[in-house]
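The figures here come from the full heavy-atom set of this structure, side chains too, leaving out hydrogens, waters and symmetry mates. All chains are named by letter (A, B, ...) in the order of the sequence lines, taking the proteins before the strands, and each is independently numbered beginning at 1.
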Amino acid sequence: MIDKRVGSLADAVAGIEDGATVLVGGFGASGVPVELVHALLDQGTTDLTVVTNNAGSGETDVAALLRERRVRKIVCSYPRSAGSVWFEERWRAGEVELELVPQGTLSERMRAAAAGLGGFFTPTGADTRLAEGKEVRVIDGRRHVFEEPLPGDVALVRAARADRWGNLVYRTAARNFGPTMAAAAALTVVQVDEFVELGELDPEAIVTPGIFVDRVVRVGTA
Amino acid sequence: MIDKRVGSLADAVAGIEDGATVLVGGFGASGVPVELVHALLDQGTTDLTVVTNNAGSGETDVAALLRERRVRKIVCSYPRSAGSVWFEERWRAGEVELELVPQGTLSERMRAAAAGLGGFFTPTGADTRLAEGKEVRVIDGRRHVFEEPLPGDVALVRAARADRWGNLVYRTAARNFGPTMAAAAALTVVQVDEFVELGELDPEAIVTPGIFVDRVVRVGTA
Amino acid sequence: MSGPLAVRDVAGRIARDIPDGAYVNLGIGLPTLVADCVGEDKEVVYHSENGILGMGPAPAPGEEDPELINAGKQPVTLLPGGAFFHHTDAFLMMRGGHVDVTVLGAFQVSETGDLANWATDDATHPPAVGGAMDLAVGAKRVLVLTTHTTRSGEPKLLPRCTYPLTAAGVVDRVYTDLAVLDVTDSGFLVREMVAGLTREDLQGRTAAQLAFADDVAVLEPGQRE
Amino acid sequence: MSGPLAVRDVAGRIARDIPDGAYVNLGIGLPTLVADCVGEDKEVVYHSENGILGMGPAPAPGEEDPELINAGKQPVTLLPGGAFFHHTDAFLMMRGGHVDVTVLGAFQVSETGDLANWATDDATHPPAVGGAMDLAVGAKRVLVLTTHTTRSGEPKLLPRCTYPLTAAGVVDRVYTDLAVLDVTDSGFLVREMVAGLTREDLQGRTAAQLAFADDVAVLEPGQRE
């Protein structure tokens, strides 16, 4: 009997260890697993490497992790926004390491990890500062950079609905990094707005099949 | 005004040139764009490189192309089945070249082309005969083979429904190679069972967005 | 009529070059103005890096969906025929040459088509690149919308960029408040100039050497088509 | 009771080792027998390389959907909770370590876990590999279902494979009609043997050197659990 549903946010993040690499879904404020990140915060987990597109904003989710000094390193594409105050403060003080990765490369590196690949060559970033120290190869007349897979120990993802097998569907553009991160981590934890019965999700329209998902928790919506 | 619908199978394959690399969807008899392949046959196009999982069976589709000597080379993973008589005959006579590719690598190489990547390292096939002549690299203690992108000049795909923008949904396991091939070719031609109005397909459930599709043609179902 | 165009007018000029049926990605900020200027006689499909094709205009006030945003994190809508997909597929489209046209802002553009639009020498703020590099290397046609010079009058069209590159050799055409310039194998070629500006004036505000087309046209203030 | 097991009994033995909740890919042919032997007390999700999770049993006659087939091209069904996806994602699952268990046939297995199951020296038929290599390198646990020797009595468990490899160092456990053997760092370790067979008999039908567990159990004829 497969039942990936857990009863509480605390159960959802239980066992995530200090030093873990955590993939955190979301783009801006869309699709961010806010409650899961706060549960991780409440649990006291620290020394994290956080992989996420932005570096948090305001006082919630990744920004709160930064504020509370739980983050050793951020891997992201766009850590600068109107409200990214805590990232900027920690970064300026040299308290958090930043690995800046072009957004498509960030996503593709996670997919490579999900797919069991050893890395890939991409034209993105060739001839730029972000290729420094990386292998460059001319393929078909064009310069390419070698990029390594980027796996997570944990992925925290937000989706709309899940069944007990962990099959997921998302809502509009909140999908963003979710499907890739869910597939790229050893432990994938998902918060959803709603549980549905097995068989209720259209098999043609399931976006993340349950094979990628370990735990799902329902979070009350306002 | 975007309208990718064409009125006939002949229009659907018009302009496909001799010598083209053609990606042909399908796995066994599931999801094969039979009518499009026959239209290509009727048009007389020849000297083709055909990329497809199997090498045709019986007297239809890819088997018919082989019988009529339109195929210079087949790139596939599994050209041997109960009915693959024409492939075997042409292959034994040295009349068709075979590039045998592990199935996941075949699909991933097409995806790399679709994604604008320069190639990737995969553990699949390392230490085997199919890695001969290929670059091998030890990554994370494991031997990997370098595989190149595999783009098509043309993709022939079968889907269930399309709208005038070329958005596609498939039916059950007939999806197989369709989405990847549709994205990997310069000209993507799709046969569907049904046209629907723009907006009728659920935006959460569109499998192949129209950006990958150039022509769609409706084929009457029995 | 003469003098520099307002940015909305430049956006209007770019809109004229967006073909009917094109798949278009507009960069964050000013490039999004282009969508407002594309005439209703054209059907253009807008792509967003966060997994949207068929983006429509901003929603009416009170109708915003906080999850349905564009790359600039502004609320948008979805048109009939639109689709959602995940980030990796969104960037597959961008990197893989599936987007017909992108319009990007720029700090600098070189005469060989190098683009610098993500970082300056400002070390007091953390660097941020987003999806600019993927778009720049991947879109079939890269259009740049920029002022011809910086606010302080420094040229932005240069023999070589001095700011960190976004991508090398990718820009096809530059639209400034003063001119429309193609990037050719032999450098910048002026196609259009605003009325009342001499070639010498334009060259004076450009660090790269300019060539001029045989039939330089007047760069007209943009209009909604 | 003694002597070699029937293949269905071996499949039944393998079924006992499939954990509840496992994601399982069964190779083409005999390995598919395993699904018939997994007890109903376990919920197992079957994966197929052509883009299916949650495959159910064969449909009733007349209920076949010609598009809904398994890797062996036989008609199957989809269980509630099942999902369809494209081929590239199906192989992402296989190569990426998402499939917990695969059961594959074999021509030969070496004492270092090399698997040869796709090609022999027969040059009269075209080679065909399918998804075997991806599964072999990617599944978390690779189980082999095979006869202990060929029909003509040649050993299939060897110091080194002589047939072309499918993958090197991937096999975890081998289930034959005579024994269950783990592939360990020091070679084959016999865990179970059929009743009535001596260690010498088994070694005599095996080209690789065998070690025996302290507690070699009797390999019982398989039963439906």
Using non-hydrogen atoms only, which part of [X] is less than 4.5 Å away from chain A: side chain, backbone, both, or neither?
| X | value |
| --- | --- |
| C:Ile52 | side chain |
| C:Ala116 | neither |
| C:Pro127 | both |
| C:Phe84 | both |

Below 3.5 angstrom, are there any donor-acceptor pairs between chain A and chain C, and if so, which atoms and how far apart?
from, atom 1, to, atom 2, distance (Å)
A:Ser30, OG, C:Glu67, O, 2.7
A:Ser30, OG, C:Glu67, OE1, 3.4
A:Gly31, N, C:Glu67, OE1, 2.8
A:Ser77, O, C:Val129, N, 2.8
A:Ser77, O, C:Gly130, N, 2.9
A:Arg80, NH1, C:Pro126, O, 3.0
A:Glu88, OE1, C:His125, ND1, 3.3
A:Arg92, NE, C:Thr124, O, 2.7
A:Arg92, NH2, C:Thr124, O, 2.9
A:Gln103, N, C:Gly130, O, 2.9
A:Gln103, OE1, C:His87, NE2, 2.5
A:Gln103, NE2, C:Glu49, OE2, 2.9
A:Gly104, N, C:Asp134, OD2, 3.0
A:Gly104, O, C:Arg95, NH2, 3.3
A:Ser107, OG, C:Thr88, N, 3.3
A:Ser107, OG, C:Thr88, OG1, 2.6
A:Thr124, OG1, C:Asp134, OD1, 3.1
A:Arg142, NH2, C:Val137, O, 2.7
A:Arg158, NH1, C:Glu67, OE2, 3.4
A:Arg158, NH2, C:Glu67, OE2, 3.2
A:Arg171, NH1, C:Asp65, OD2, 3.4
A:Arg175, NH1, C:Phe84, O, 3.4
A:Asn176, O, C:His87, N, 2.9
A:Thr180, OG1, C:Thr88, OG1, 2.5

For this session: May I ask you to name which of A:Gly26, A:Ala29, A:Pro79 has the most heavy-atom pairs under 4.5 Å with chain C?
Result: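 Heavy-atom pairs under 4.5 Å are most numerous for A:Pro79.
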
Exercise. Less than 4.5 Å apart, any side-chain heavy atom of C:Phe85 and any of A:Val207?
Worked result: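 They are not in contact (no side-chain heavy atoms under 4.5 Å apart), so the answer is no.
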
For this session: Give, as side chain, backbone, both or neither, the part of A:Ala174 having an atom under 4.5 angstrom from any heavy atom of chain C.
Result: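 It is both, since atoms from each part get that close.
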
Problem set entry | Proximal component of A:Val101, with respect to chain C [non-hydrogen, under 4.5 Å] |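 Backbone of A:Val101 only, per the 4.5 Å heavy-atom cut-off to chain C.
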
For this session: Specify the closest pair of heavy atoms between A:Pro123 and C:Val137, including all atoms of both residues, with the distance to one decimal.
Result: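 Reported closest heavy-atom pair: O-CG1, 3.8 Å.
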
For this session: Taking all non-hydrogen atoms of both residues into account, name the closest pair between C:Pro126 and A:Phe87 and its distance.
Result: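 Nearest pair, atom of C:Pro126 first, then A:Phe87: CB-CE2, 3.5 Å.
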
Exercise. Crowded around A:Arg215 CZ? As in, over 12 foreign heavy atoms under 6.0 Å?
Worked result: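 Correct, the count exceeds 12.
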
For this session: Please list all pairs passing the side-chain hydrogen bond (donor to acceptor under 3.5 Å, both in side chains) test where one or both residues lie in residues 20-29 of chain A, with sequence neighbours left out.
Result: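 Counting only pairs at least two positions apart or across chains, no side-chain hydrogen bond (donor to acceptor under 3.5 Å, both in side chains) contact touches residues 20-29 of chain A.
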
